[in-house]
Amino acid sequence: MIEHILGKLDLSAIPFDEPPAMIAGGGMVVGAIAVVILITYLRKWKWLWTEWLTSVDHKKIGIMYILVALVMLLRGFADAMLMRAQQAVSVGSAHGFLPPSHYDQIFTAHGVIMIFFMAMPIMVGLMNIVVPLQIGARDVAFPFLNSVSFWLFVVGVILVMLSLIVGEFGRTGWLAYPPLSETQFSPGVGVDYYLWSLQISGIGTLLTGVNFFVTIIKMRCPGMTLMRMPIFTWTALCTNILIIIAFPILTVTLGMLALDRYLDFHFFSNSFGGNQMLYVNLIWAWGHPEVYILVLPAFGIFSEVVSTYCQKRLFGYTTMVYATACITILSFIVWLHHFFTMGAGANVNAFFGIATMVISIPTGVKIFNWLFTMYRGRVHFTAPMYWTLGFIVTFSIGGMTGVLLAVPGADFLLHNSLFLIAHFHNVIIGGVVFGYIAGITYWFPKATGIKLNEALGKASFWCWLVGFYFAFIPLYILGFMGATRRLSHYDAATGWHPYFVIALVGALIIFAGIGFMVLQIGTSILWRKKNMDTTGDPWNGRTLEWDTASPPPFYNFAHIPHVHSVEPHWDHKQALLNAEKHPARVESKRAYEPIHMPKNTGVGVMIGIFGFFLGFALIWDIWWLVIASGLAIFASVAYRSFDYDIDYYVTVEEIEKIENEISNRKRA
């Protein structure tokens with residue numbers, strides 16, 4: 001009877017015999033309880049529900065994405081610290097403090113968390129905050145769908161975190177290659193946590209891709225042609241095209257693996273006609289576009305930052321657009337370089353090696369465009385500019401090591417070594433993470449009305465930059481010395497130990513950088529009166545988002561903008577300067593009109609709750625709960641479909657009141 005109610009779930013699912021897991025899980029539970037107590041003490045539950053959890057405002061959803069992502073950054077980095085500490089002490093007769101099975105879970109969880117639940121949500125969060133403002137829209141095309149996407153992402157986060165204390169996570173590596181991920185070699189629930197956390201959050205990501213693609217194509221303000229869009233919006237458009245094409249591949253691939261595990265299909269097993277290479281091709285047909293899904297928005301951020309802080313029009317706007325489009329197309333014909341060692345043949349390897357080298361050309365074009373933008377510009381060395389300069393150097397090194405790995409002969413030697421790990425982190429940290437932190441710092445005043453502390457931001461940058469080189473240059477060397485990936489113990493005679501110790505020191509320096517980043521955000525909010533941005537344009541920006549207040553009103557623009565150039569806000573400021581010199585040119589103030597806006601809804605939250613129960617039930621074979629939660633999700637969608645009270649008009653009086661408050665704030 002109990003089996004019918006709880007499926008495979010029982011007390012043995014709690015890892016009492018693994019102290020690291022219990023300590024981490026206990027800390028997570030205590031932290032969650034502390035947050036609940038604090039919200040209750042401050043009597044903020046109603047405010048939290050009405051203003052945030054049920055919000056369909058793209059700006060608030062973007063902020064929530066980034067907040068959750070920063071929490072997952074701490075979790076993912078904790079896993080990284082455990083790995084580095086284990087490798088620094090597990091040498092010779094010493095075997096460290098992590099059992100091999102738990103170490104395997106940690107490196108799997110680290111990769112999954114950092115890609116899917118840290119980098120992706122920061123990217124989606126920044127798109128949510130910035131893109132509608134940059135194109136002069138009042139919201140995204142499908143506000144309710146935006147809420148659902150966020151809560152499906154949260155479901156994936158909760159499932160990954162829950163695997164710490166109920167069951168286990170996968171021990172397969174972050175891409176779960178068969179046959180290791182098949183039931184024969186992973187009979188527990190670890191791979192199931194992996195499957196359903198990614199499937200549910202991946203559906204949310206796909207919905208986001210469709211939402212933002214439609215938003216950018218259909219909701220640009222009058223006059224904003226495609227070749228007048230800001231570069232960040234261009235990179236967001238290309239990113240969402242990649243999401244729409246690539247993420248269904250991931251969904252189908254993981255679905256086939258689930259059928260192997262649950263219904264004994266043999267898509268990827270070594271028997272009954274299955275083929276593990278099918279999985280490897282499919283997962284990387286998604287996986288390499290995923291790299292550019294992450295890095296293209298970072299390129300867009302650097303373009304905005306360089307142009308703004310050099311007080312100069314971006315050099316080669318058109319070439320930037322075409323370079324972005326080229327990367328988008330080429331990203332689909334390089335996936336096989338991830339498995340040159342799998343015996344595809346010399347001709348196939350040569351094609352993908354050449355394609356990999358070719359894709360570095362448009363990336364190089366971008367770097368030269370940024371450098372030419374800086375040339376003879378009035379460079380303001382702010383924290384976002386520091387991150388940009390650090391990116392150019394670090395990412396260039398990562399790109400060069402990538403070109404080396406694009407040579408099949410070199411890849412045969414280095415593929416399964418720590419050299420590859422160093423290269424991957426060189427690109428992801430030096431490109432993606434540096435870019436996203438620059439973007440958060442740059443647009444933080446726009447999202448919150450508060451400028452971040454510059455000194456702490458620069459301290460964080462130096463710790464990240466120096467820590468990165470200490471942490472990963474030794475891994476390049478270790479790769480040449482023969483150190484392999486996923487290593488938890490090695491012999492003292494190898495001579496690797498000093499390099500692993502240096503790598504641990506680097507990780508500790510990066511940890512200090514994360515600490516400065518948290519301190520920067522915390523102190524800036526704590527002393528927000530001193531850091532308040534009342535102008536709406538603290539950086540003397542050039543694009544349309546700086547034409548609104550900081551933070552913008554919920555409707556973004558009282559009047560839909562009409563643009564005539566790539567830099568409408570800059571041109572507007574120049575026109576105002578001319579108007580001061582020639583008062584007769586001042587335009588008369590336009591009258592306000594009612595604004596059509598969507599209403600907040602709790603249906604997205606409910607779909608998320610039922611989605612969590614569905615995922616948890618599928619993991620533990622609680623089939624009655626699978627049916628019940630599936631029906632509940634269907635009922636929620638049906639309820640929303642027949643709910644016609646989903647929007648309203650903001651009255652002219654309310655608009656006037658809000659705009660007058662903004663004007664008074666600017667004058668003060």
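Keep in mind that what you see is a predicted model, and the values were worked out from it rather than measured. Just so you know, these numbers use all the heavy atoms, side chains as well, and skip hydrogens, waters and symmetry mates.
In summary, the side chains of Trp370 and Thr388 do not present any donor paired with an acceptor at a separation below 3.5 Å, with no hydrogens or angles considered. There is no side-chain donor-acceptor pair under 3.5 Å between Asp57 and Ser55. Counted by atom type alone, Asp139 and His58 present zero donor-acceptor pairs between their side chains at under 3.5 Å. Using a 3.5 Å distance cut-off with no hydrogens or angles, the side chains of Tyr442 and Thr308 do pair a donor with an acceptor. With no hydrogens or angles considered, a side-chain donor-acceptor pair links Lys59 and Asn556 at under 3.5 Å. In summary, the side chains of Lys451 and Ser550 do not present any donor paired with an acceptor at a separation below 3.5 Å, with no hydrogens or angles considered. Side chains of Tyr469 and Thr394: a donor-acceptor N/O pair is present below 3.5 angstrom, by distance only.
Leu126 and Tyr436 get closest at one heavy-atom pair: CD1-O, 4.1 Å. Contact record, Lys446 with Pro552: O-CD, 3.1 Å, taken as the closest heavy-atom pair.
The number of heavy atoms from other shown groups lying within 6.0 Å of CH2 (Trp52) is above 12.
Arg138 forms no cation-pi arrangement with Phe557, by the criterion of a distance under 6.0 Å to the ring centre and an angle within 45° of the ring axis. Figure legend: Lys46 and Trp49 shown without cation-pi pairing, the cationic atom not lying both under 6.0 angstrom from the six-membered ring centre and within 45 degrees of its axis.
Ring planes of His110 and His425: parallel class, angle under 30° (limits at 30 and 60°). Between Phe424 and Trp174, the two ring planes are tilted [angle within 30° to 60°]. Using cut-offs of 30° and 60° for the angle between ring planes, the Trp286 and Phe116 rings count as parallel.
Between Met229 and Val566, the closest side-chain pair of non-hydrogen atoms is not below 4.5 Å. Two residues are said to be in side-chain contact when any heavy atoms from C-beta on lie closer than 4.5 Å; Leu152 and Ser201 fail this criterion.
Ring-centre distance between Trp234 and Phe299: not below the 6.0 Å cut-off.
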